[in-house]
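Counting starts at 1 for both ligands and their atoms, following the listed order.
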Amino acid sequence: MIVQKNVSLKPYNTFGLDVNAGFLAIVDSIDDLDEIYQTGRFRSQKKMVLGGGSNVLFTHGFTGIVAKNEIRGISVQKESSEDVLISVGAGEDWHQFVLWSVERGYGGIENLSLIPGTVGAAPMQNIGAYGVELKEVFHSLEAYEIKSGKTVTFFKEDCHFDYRFSVFKGELKDQFVITKVFFLLSKNPTFNTTYGAIEETLEQMKEKPSLKSISQAVINIRQSKLPDPYDIGNAGSFFKNPVIEKLHFEALEAQFPEIKGYPVGDDAVKVPAGWLIENAGWKGYREGDIGVHENQALVLVNHGMGKGKDIYRLSNEIRRSIEGKFGIELEREVNVI
Ligand code: FAD
Ligand code: EPU
């Protein structure tokens, strides 16, 4: 296992924050995890797992050991005329796995094209985009129990998936390292093109719905809406879209007729946090090298030399302002370290 001492994490987090790790270990096997968690070598060190670093905000350096997950491997476990069960190493790149599936005609994750990060982090927050969530194609996962060093299998019902949530963000936080994820993809997929601008984009592309064209449409839409972390540091949506009571929404609608909302069941409404933040005047806000993206108010950005603690402080100011103006509490989606 490669272990480096005193390493800058700037290339390892999409905010591009220049903080140091005491140690950085490149982990590509269960043996490597054993070496970190079970042998005496790093006993006194704090530990954390990192995938692609696209959903973390480092507010300071990490004095302990950062285990960068690079456990690889994609293989078909079982297939029928209808579907295919695929096992994927947690350190595989999510988008490359999507392209691999699309290329082979396996459907279900094409709407999740171009989400940065690793396959192992995808179940952590049940990644979602363009009308699809990971849980819809999730079969099971294997995770390394930090306390015992044993591998435990979790099936869908064990994971308590919800909007941007799983048991690994909740009661089992910091207790497991996800090492492998199993997906059940379809060989006769039904296309999901109703969300957002997919249909419109397919028309502009002069393409009929197919796995490839939908994947490309989603890529085009995302590239037009979201900043590329290579150009400008960010971690995608910084906050979750809040779900509020219907009565609260109706009261807001009376005051702000332009407000947007999507029904969740009979009594609740999901409100786009980007709309709230923009309408509280934050869109395009800049303070030194940190700020709020000029086209997508839900994305906080690092223009270069920004500090994580300042982004965190800004996120608190935004939360207070949204609470004051709309009476809505925003919850961070990004994992704050
Ligand atoms: P990291 O940031 O490395 O880690 C995230 C958290 O998971 C950390 O707490 C880490 O400790 C933990 N973790 C990572 N790997 C493991 C593991 N193997 N076992 C246990 N814990 C682990 N998300 C969406 O849902 N939908 C989107 O549309 C979307 N768009 C994005 C667009 C941009 C431009 C960016 C920058 C981010 C976007 N995200 C989106 C957020 C992010 O891509 C996802 O959350 C992604 O799954 C994070 O993967 P990662 O490997 O980078 O995780
Ligand atoms: N909006 C504004 N102002 C803004 C930004 C958005 O008014 O500055 C409005 C838009 O006009 C639109 C609504 O908010 O009516 C929703 O915006 P958008 O379609 O851009 O999606 P989002 O709610 O901001 C969510 C996810 C994204 C995901 C997209 C597409 C969350 C927290 N975010 O964003 O996920 O890619 O939908 O499905 O649910 C992520 O989790 O990191 C992420 C990028």
Side chain or backbone of [X] under 4.0 Å from ligand 1, or both, or neither, by non-hydrogen atoms?
X: T179; answer: neither
X: F176; answer: backbone
X: N335; answer: side chain
X: I178; answer: both

Positive for salt bridge (charged side-chain N to carboxylate O under 4.0 Å, His left out) with K240, one of E331, E333, E329: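 With K240 as partner, E331, E333, E329 yield a single salt bridge (charged side-chain N to carboxylate O under 4.0 Å, His left out), made by E331.
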Option among E103, E110, E207 that satisfies the salt bridge (charged side-chain N to carboxylate O under 4.0 Å, His left out) test with K212: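 The passing option is E103.
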Does a donor on one side chain sit under 3.5 Å from an acceptor on the other, for [X] and [Y]?
X: S54; Y: T14; value: no
X: Y130; Y: N192; value: no
X: W282; Y: S321; value: yes

Hey, which atoms in ligand 1 end up nearer than 4.0 Å to a heavy atom of [X]?
X: N69; answer: 18 (N)
X: G128; answer: 24 (C), 25 (O), 26 (N), 27 (C), 28 (O)
X: T118; answer: 49 (O), 50 (P), 51 (O)
X: A129; answer: 28 (O)
X: V49; answer: 10 (C), 11 (O), 16 (C), 17 (C)
X: A235; answer: 35 (C), 36 (C), 37 (C)
X: N234; answer: 34 (C), 36 (C)
X: G117; answer: 49 (O), 50 (P), 51 (O), 52 (O)

Non-hydrogen atom of R222 closer than 4.0 Å to ligand 1: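 For ligand 1, residue contact (heavy atoms, under 4.0 Å) with R222 is present.
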Min heavy-atom dist W94 to ligand 1 below 4.0 Å: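 In this structure, W94 fails to qualify as a contact of ligand 1 - no heavy atom is under 4.0 Å.
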Nearest non-hydrogen protein atom, [atom]:
atom: atom 37 (O) of ligand 2; value: Y195 OH, 4.0 Å
atom: atom 8 (O) of ligand 2; value: A297 N, 2.8 Å
atom: atom 1 (N) of ligand 2; value: W275 N, 3.8 Å
atom: atom 21 (N) of ligand 1; value: M124 SD, 3.5 Å
atom: atom 40 (C) of ligand 2; value: S237 OG, 3.2 Å
atom: atom 25 (C) of ligand 2; value: N241 ND2, 4.1 Å
atom: atom 46 (C) of ligand 1; value: P116 O, 3.5 Å
atom: atom 10 (C) of ligand 2; value: K260 NZ, 4.6 Å
atom: atom 15 (N) of ligand 1; value: A121 CB, 3.8 Å
atom: atom 36 (O) of ligand 2; value: R222 NH1, 3.4 Å
atom: atom 13 (C) of ligand 2; value: P272 CB, 3.5 Å

Hey, do the aromatic rings of [X] and [Y] have their centres closer than 6.0 Å?
X: Y106; Y: F183; result: no
X: F256; Y: F326; result: yes
X: F182; Y: F138; result: no

[options]: member with heavy atom nearest to [atom]:
atom: atom 19 (O) of ligand 2; options: E258, E133, H293, K225; result: K225
atom: atom 41 (C) of ligand 1; options: G236, S54, P229; result: S54
atom: atom 27 (C) of ligand 2; options: R164, E333, K283; result: R164
atom: atom 38 (O) of ligand 2; options: F239, F238, Y130; result: Y130
atom: atom 39 (N) of ligand 1; options: N13, I115, I337; result: I115

Residue pairs, two or more places apart or on separate chains, that pass salt bridge (Lys or Arg N to Asp or Glu O under 4.0 Å) and touch residues 63-74: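 Output for this query lists K68-E70, E70-R72.
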Selection residues 128-157 - residue pairs positive for salt bridge (Lys or Arg N to Asp or Glu O under 4.0 Å), sequence neighbours left out: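 Applying salt bridge (Lys or Arg N to Asp or Glu O under 4.0 Å) to every pair that reaches into residues 128-157, excluding sequence neighbours, yields E133-K135.
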T179 and L33: CA distance, side-chain angles, deciding distance, side chain to side chain contact (heavy atoms under 4.5 Å, CB included) verdict: CA-CA 10 Å; T179 53; L33 289 173; 3.7 Å; yes
Flag side-chain contact, heavy atom, 4.5 Å: [X] against [Y]:
X: L24; Y: Y12; answer: yes
X: H248; Y: I328; answer: yes
X: Y285; Y: E287; answer: yes
X: H139; Y: F155; answer: yes
X: S315; Y: F238; answer: yes
X: V102; Y: W100; answer: no

Pairing of R41 and E35 as salt bridge, 4.0 angstrom limit: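 Looking at E35 together with R41, the answer is yes, because their closest N to O distance falls below 4.0 Å.
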Salt bridge present between K187 and E82 (N-O < 4.0 angstrom):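 Salt bridge flag = no for E82 with K187.
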Between [X] and ligand 1, does any nitrogen or oxygen pair lie at a separation below 3.5 Å?
X: G53; result: yes
X: Q125; result: yes
X: G52; result: yes
X: I127; result: no
X: T14; result: no

Per-atom contact, atom 29 (C) of ligand 2, protein heavy atoms, under 4.0 angstrom: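 For atom 29 (C) of ligand 2 the answer is no, since every protein heavy atom stays at 4.0 Å or beyond.
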Side chain, backbone, both or neither: Y163 near ligand 2, heavy atoms under 4.0 Å: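 Contact part for Y163 vs ligand 2: side chain (C-beta onward).
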Ligand 2 versus Q296: contacting region, heavy-atom distance under 4.0 Å: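 For Q296, the contact with ligand 2 is made by both the backbone and the side chain.
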Whether Y144 and Y37 hold their rings parallel, tilted or perpendicular, with breakpoints at 30° and 60°: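 Aromatic pair Y144/Y37 classed tilted.
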Any Y262 heavy atom less than 4.0 Å to ligand 2: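 Heavy atoms of Y262 do come under 4.0 Å of ligand 2.
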Stacked cation flag K309 on F58, 6.0 angstrom / 45 deg: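 Not satisfied by the 6.0 Å and 45° rule.
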